[in-house]
Amino acid sequence: MLAIIGGSGLTQLVNMELTKRLVMRTPYGEPSGALTFGRIRGKEVIFLARHGYAHTIPPHDVNYRANIWALSSQNANHIVSIASVGGIRSDLVPGSLVIPDQIIDYTHGRQSTFFDTRDKPVTHTDFTEPYCEPLRQQCIRAAEACGRRLIEGGVYAATQGPRLESAAEINRMERDGADMVGMTGMPEAILAREAELCYAAIAVVANYAAGRGSSAHGVRLEEVNAVLKAAMEQVRIIIENLVEIHDD
Ligand code: HPA
């Protein structure tokens with residue numbers, strides 16, 4: 001089954017026909033909220049709002065392990081993450097959509113593995129290609145029709161947040177090879193991989209990253225919210241398209 005983790009600007013899927021809500025406890029604590037089960041175009045999906053349904057959980061405080069564990073326990077085997085990002089590369093202008101294909105992790109202090117107990121042999125998970133390629137391709141196909149600028153790959157830099165970055169930090173990330181910056185891509189992607197779930201992300205460029213374009217002297221949050229609001233209307237349609245072409 002396909003699960004969707006909604007980020008900032010997407011705390012519910014209005015086009016989903018709701019069937020049940022499930023409040024769960026996991027060995028890792030509580031997920032961000034109840035899992036929402038429902039149908040989109042007749043197909044069963046699960047939705048979870050990463051920051052909680054009232055958008056109250058900051059990126060560094062999301063219980064990523066509980067979220068992934070909960071979805072996996074309910075037979076989700078594919079996860080699509082909807083994530084807002086700041087655009088670093090010059091063609092990643094606000095309002096564009098990106099299907100990232102690589103990650104750089106700048107987060108710290110987050111619970112980032114399921115393999116941290118001493119009762120099993122040490123496990124090193126391959127993460128050469130952090131996103132699931134078949135699901136990435138489905139996301140690309142689903143987004144192609146929406147008429148927005150679509151970038152079919154890119155390097156996602158995951159920062160700790162909740163603060164935004166300094167201009168020098170963005171310059172450094174660019175030198176590292178990052179194309180976009182967000183706060184939630186890790187450890188979500190690695191936990192999905194550890195749990196053997198197929199994971200991909202649809203990144204919505206909400207703003208120019210700090211020091212770039214109209215954010216040369218600051219990121220204006222009103223603008224971010226306006227861009228996200230408009231883009232998420234289309235993301236809902238993209239999710240419908242994705243559900244239709246997705247086969248699991
Ligand atoms: N930085 C980090 N995370 C973000 C940004 C940003 O500029 N925009 C949306 N999420």
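These numbers come from a predicted model, not from an experiment.
- For the atom pair CZ of Arg110 and CG of Asp105, the computed distance is 8.0 Å after rounding to the nearest 0.5 Å.
- Proximity of a side-chain donor or acceptor of Thr123 to a complementary backbone N or O of Pro121 within less than 3.5 Å is detected.
- Hydrophobic cluster membership differs between Ile245 and Ile237, with clusters built from Ile, Leu, Val, Met, Phe, Trp and Tyr side chains linked at under 4.5 angstrom.
- Counted by atom type alone, Ser81 and Arg50 present one or more donor-acceptor pairs between their side chains at under 3.5 Å.
- Looking only at side-chain heavy atoms (C-beta outward), Ile190 and Thr113 stay at 4.5 Å or farther from each other.
- The 12-atom threshold is exceeded at CZ of Arg89, counting heavy atoms of other residues, nucleotides or ligands nearer than 6.0 Å.
- Note: the hydrophobic cluster containing Ile46 does not contain Leu18 (ILVMFWY, side chain heavy atoms under 4.5 Å, direct or indirect links).
- In terms of modelled atom types and a separation under 3.5 Å, the side chain of Arg148 and the main chain of Gly95 share a donor-acceptor contact.
- A donor-acceptor pair under 3.5 Å is absent between the side-chain atoms of Glu17 and the main chain of Arg39, judged by distance alone.
- Of the possible donor and acceptor atoms, none in the side chain of His51 sits under 3.5 Å from a partner among the backbone N and O of Pro58.
- No donor-acceptor pair closer than 3.5 Å links the side chain of Tyr199 to the backbone N or O of Glu188.
- When side chains are defined from C-beta on, Tyr53 counts as touching Leu48, because their heavy atoms get closer than 4.5 Å.
- Ser215 contributes a side-chain N or O that, together with a main-chain N or O of Tyr208, makes up a donor-acceptor pair within less than 3.5 Å.
- Considering Ile4, Val204, Leu13 as possible partners of Val235, the one that fulfils the side-chain contact (heavy atoms from CB on, under 4.5 Å) test is Val204.
- Atoms CD1 and CZ, from Ile239 and Arg236 in turn, are 8.0 Å apart once rounded to the nearest 0.5 Å.
- Remark: side-chain polar atoms of Lys43 are not paired, donor with acceptor, to backbone N or O of Leu2 under 3.5 angstrom.
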Before giving the answer on side-chain contact (heavy atoms from CB on, under 4.5 Å), spell out for Thr26 and Ser73 the whole-Å C-alpha distance, their side-chain angles and the decisive distance to 0.1 Å. CA-CA 9 Å; Thr26 80; Ser73 77; over 6 Å; no

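- Here the straight-line distance linking atom CE of Met173 with atom CE of Met180 works out to 13.0 Å at 0.5 Å rounding.
- When side chains are defined from C-beta on, Asp91 counts as touching Arg149, because their heavy atoms get closer than 4.5 Å.
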List the steps, then state whether side-chain contact (heavy atoms from CB on, under 4.5 Å) holds for Asn241 with Glu144. CA-CA 10 Å; Asn241 296 341; Glu144 260 164 2; over 6 Å; no

CA sep, side-chain torsions, deciding dist, call: Arg136, Glu129, salt bridge (Lys or Arg N to Asp or Glu O under 4.0 Å): CA-CA 11 Å; Arg136 279 189 68 250; Glu129 292 179 343; over 6 Å; no

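- Taking the side chain as every heavy atom from C-beta outward, Leu191 and Trp69 never approach each other to under 4.5 Å.
- Using a 3.5 Å distance cut-off with no hydrogens or angles, the side chains of Asn225 and Arg220 do not pair a donor with an acceptor.
- Between the side chain of Thr107 and the backbone N or O of Thr159, no donor-acceptor pair lies under 3.5 Å.
- Across all non-hydrogen atoms, the minimal contact from Leu35 to Ala70 is CD1-O, 3.8 Å.
- Side-chain contact between Val85 and Val205: present, with at least one pair of heavy atoms (C-beta onward) separated by less than 4.5 Å.
- For the pair Glu244 (side chain) and Arg41 (backbone), a donor-acceptor distance under 3.5 Å is absent.
- Checked against Val155 for a side-chain contact (heavy atoms from CB on, under 4.5 Å), the options Ile88, Asp179, Ile103 give a single hit: Asp179.
- A donor-acceptor pair under 3.5 Å is absent between the side-chain atoms of Glu30 and the main chain of Asn67, judged by distance alone.
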Determine, stepwise, if the pair Ile5 / Ile79 fulfils side-chain contact (heavy atoms from CB on, under 4.5 Å). CA-CA 7 Å; Ile5 301 182; Ile79 296 181; 3.8 Å; yes

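- Here Leu10 contributes atom CG and Ile82 contributes atom CD1; the two are 6.0 Å apart, rounded to the nearest 0.5 Å.
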Pair Asp116-Arg65, salt bridge (Lys or Arg N to Asp or Glu O under 4.0 Å): steps then yes or no: CA-CA 12 Å; Asp116 63 349; Arg65 292 198 298 184; 3.1 Å; yes

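- Ile99 is not listed as a side-chain neighbour of Ile151, based on a closest heavy-atom distance of 4.5 Å or more.
- Under the 6.0 Å distance and 45° angle rule, Arg172 does not count as a cation-pi partner of Tyr106.
- Put simply, CG on Asp101 and CD on Glu133 are 7.5 Å apart, with the number rounded to the nearest 0.5 Å.
- Atom CG of Asp176 is separated from atom CG of Asn171 by 11.0 Å, given to the nearest 0.5 angstrom.
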